[in-house]
Amino acid sequence: MSGDHHADATIARRVRRLETLLEERGVITGEKVDEAIDAFLAASSPANGAKVVARAWTDEAYKARLLADGTAAVQELGYMDGSYQRLRVVENTATNHNVIVCTLCSCYPLRLLGPSPSWYKSEAYRSRVVREPREVLREFGLELPAAMDITVWDSSAESRYMVLPRRPEGTAGQGEDELAALVTRNALIGTAAI
């Protein structure tokens, strides 16, 4: 587990101070800031992450790029432009399952997964998934074989993670839109399979 979570608090204070100065000087209004935030959130959805997964499932070259440099690969599809965070995409396999957490706060790839669920931010999830991931996943309804390894990835201020779930059997003839419809936010975090 790693990450500089205190950097987020420092950045938040700086952003708030800059926002205050800009408002005081009449450069921007609070309403304009709210409009910008609303526009950002409107473009932030688990549907974005699902489209990334569907592309990876149907295009091996894209999948290789996604696993090698998640940030660059999702930018190819128009996501995370201008983001300072690095995205690392971790692939579920027949022998390993990945799950994402932020142990100290709630770092999360918002643009790809939409607003984080309340349980992701909870102390219970953040502490327990590290100590007993198999039990936590079982509580989410995900029963993994005893022989399957579970890797827990800790997001940080600089690095975000997203799970590339395993493609479901029997979907060979489906197109990207159909495949994307199968992908849930919880699958992108690793607390669910497809």
Side-chain angles (χ1 to χ4, degrees), residues 1-3 40-102 106-117 120 129-130 133-134 136-137 140-194:
M1 305 296 158
S2 66
F40 174 82
L41 290 175
S44 301
S45 168
N48 297 339
K51 290 174 185 174
V52 170
V53 168
R55 174 67 55 89
W57 284 346
T58 58
D59 182 339
E60 284 297 321
Y62 180 77
K63 178 181 173 181
R65 292 191 306 277
L66 181 66
L67 294 173
D69 184 347
T71 305
V74 299
Q75 286 174 340
E76 289 177 32
L77 300 182
Y79 307 122
M80 290 186 70
D81 288 333
S83 177
Y84 69 89
Q85 291 113 359
R86 178 177 67 109
L87 178 70
R88 181 160 181 206
V89 178
V90 291
E91 181 181 19
N92 284 347
T93 68
T95 59
N96 190 68
H97 183 84
N98 297 284
V99 64
I100 310 304
V101 68
C102 182
S106 58
C107 297
Y108 183 83
L110 185 78
R111 293 178 188 181
L112 295 172
L113 304 184
S116 59
Y120 184 84
V129 76
V130 174
R134 193 171 301 278
V136 170
L137 294 176
F140 274 92
L142 182 57
E143 188 75 40
L144 297 172
M148 182 170 283
D149 292 327
I150 300 173
T151 304
V152 179
W153 298 92
D154 190 8
S155 291
S156 71
E158 292 83 23
S159 295
R160 303 292 198 259
Y161 291 88
M162 185 179 88
V163 172
L164 175 59
R166 293 176 64 198
R167 183 174 178 166
E169 305 241 349
T171 60
Q174 294 183 358
E176 285 187 33
D177 289 341
E178 292 173 292
L179 291 169
L182 301 175
V183 181
T184 65
R185 176 187 58 201
N186 286 11
L188 298 169
I189 297 171
T191 56
I194 298 297

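Please read all numbers here as calculations on a predicted model, not as lab measurements.
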Quick check: do R134 and L144 have side-chain heavy atoms less than 4.5 Å from each other? yes
Pairwise distance CG(L142) to NE2(H97) - rounded to 0.5 angstrom: 5.0 Å
Do V152 and V101 make a side-chain contact, defined as non-hydrogen atoms from C-beta onward lying under 4.5 Å apart? yes
How long is the span from the OG atom in S116 to the CZ atom in R185, to the nearest 0.5 Å? 8.0 Å
Do Y120 and L113 come close enough that some side-chain heavy atom pair is under 4.5 Å? no
Step by step, would you call V99 with W153 a side-chain contact (heavy atoms from CB on, under 4.5 Å)? CA-CA 6 Å; V99 64; W153 298 92; over 6 Å; no
Note, S155 side chain near I100 side chain (heavy atom, < 4.5 Å): yes
Starting from the C-alpha separation in whole Å, work towards a yes-or-no answer on side-chain contact (heavy atoms from CB on, under 4.5 Å) for L112 and R160. CA-CA 10 Å; L112 295 172; R160 303 292 198 259; over 6 Å; no
Working note: K51 + D177, criterion side-chain contact (heavy atoms from CB on, under 4.5 Å); need CA distance, chi angles, decisive distance, verdict. CA-CA 8 Å; K51 290 174 185 174; D177 289 341; 5.9 Å; no
Less than 4.0 Å between a side-chain N and a carboxylate O, is that true for R65 and E76? yes
Distance col, row N48:CG vs R111:CZ, nearest 0.5 angstrom, shows 10.5 Å
Scanning both residues in full, the closest heavy-atom pair of A180 with A50 reads O-CB, 3.4 Å
Is Y161 close to V163 at the side-chain level, that is, under 4.5 Å between some pair of heavy atoms? no
CG (L188) and CG (L164) are apart, to the nearest 0.5 Å, by 9.0 Å
Got a salt bridge between E176 and R55, using NZ or NE/NH1/NH2 to carboxylate O under 4.0 Å? yes
When you measure from the side chain of Q174 to the backbone of T171, do you find a donor-acceptor pair of N or O atoms at a distance under 3.5 Å? no
Work out which heavy atom in T184 is nearest to a heavy atom in A192; give both atom names and the distance. OG1-CB, 4.4 Å
Go through L66 and V52 one step at a time and tell me if the side-chain contact (heavy atoms from CB on, under 4.5 Å) criterion holds. CA-CA 9 Å; L66 181 66; V52 170; 3.7 Å; yes
How close do L182 and P168 get, heavy atom to heavy atom, and via which atoms? CD1-CG, 4.1 Å
Over all heavy atoms of both residues, which pair between C107 and A157 is shortest? Give the atoms and the distance, please. SG-N, 3.7 Å
Closest approach of G70 to V89 (non-hydrogen atoms, all atoms of both residues): CA-CG2, 4.2 Å
Evaluate side-chain hydrogen bond (donor to acceptor under 3.5 Å, both in side chains) for D149 paired with T95, printing each intermediate quantity in order. CA-CA 6 Å; D149 292 327; T95 59; 5.8 Å; no
Side chains of N98 and N92: donor-acceptor distance under 3.5 Å anywhere? yes
Under 3.5 Å, is there a donor-acceptor pair between the side chain of W57 and the main chain of P165? yes
Nearest 0.5 Å, please: how far is CE in M162 from OH in Y108? 11.0 Å
Give, for atom CZ of R88 and atom CG of L67, the distance between the pair rounded to the nearest 0.5 Å. 9.5 Å
